[in-house]
Amino acid sequence: MNDRNTSDHHIFELDLTEHEARRRTEVLAALGDTWDPIAVMEGEAEANRLLYSGLDADQQATYDMLVAAGVLPPAGQA
């Protein structure tokens, strides 16, 4: 028989399900009733478009290389 509880090691289990549910509830409460996740996502997409707009030739080449390598998502997928 393999007893994993030895004098040097003891099994300790902790169920965080209740804590996680409470944490999520508190996060949503902190965001408030005016939080609009769709507007946030649209704002982030617009910021991403602005970040990579107006690149000069060298910057565009670097951007294209990073997209091809999978480091950055293709335009419109961020």
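Owing to the predicted nature of the structure, the values given are computational and were not obtained by experimental measurement. Heavy atoms only: backbone and side chains are in, while hydrogens, waters and symmetry mates are out.
When the shell of 6.0 Å around CD of Glu18 is examined, it contains 12 or fewer heavy atoms from other residues, nucleotides or ligands.
For residues 50-75, the set of pairs meeting the salt bridge (Lys or Arg N to Asp or Glu O under 4.0 Å) definition, not counting sequence neighbours, is empty.
Closest heavy-atom contact between Ser53 and Leu50: OG-O, 3.0 Å.
In this structure, Val67 shares a hydrophobic cluster with Leu51, Tyr52, Leu55, Tyr63, Leu66, Val71, Leu72, the cluster being traced through Ile, Leu, Val, Met, Phe, Trp and Tyr side chains under 4.5 angstrom apart. Chaining together hydrophobic side chains whose heavy atoms lie under 4.5 Å apart places Leu28 alongside Val27, Leu31, Trp35, Val40.
In this structure, CG in Asp36 is found 10.5 Å from CE in Met41, a value given to the nearest 0.5 Å. The structure places CG of Leu16 at 10.0 Å from CZ of Arg22, a figure rounded to the nearest 0.5 Å.
A salt bridge does not link Arg23 to Glu26: none of the charged nitrogens lies less than 4.0 Å from a carboxylate oxygen.
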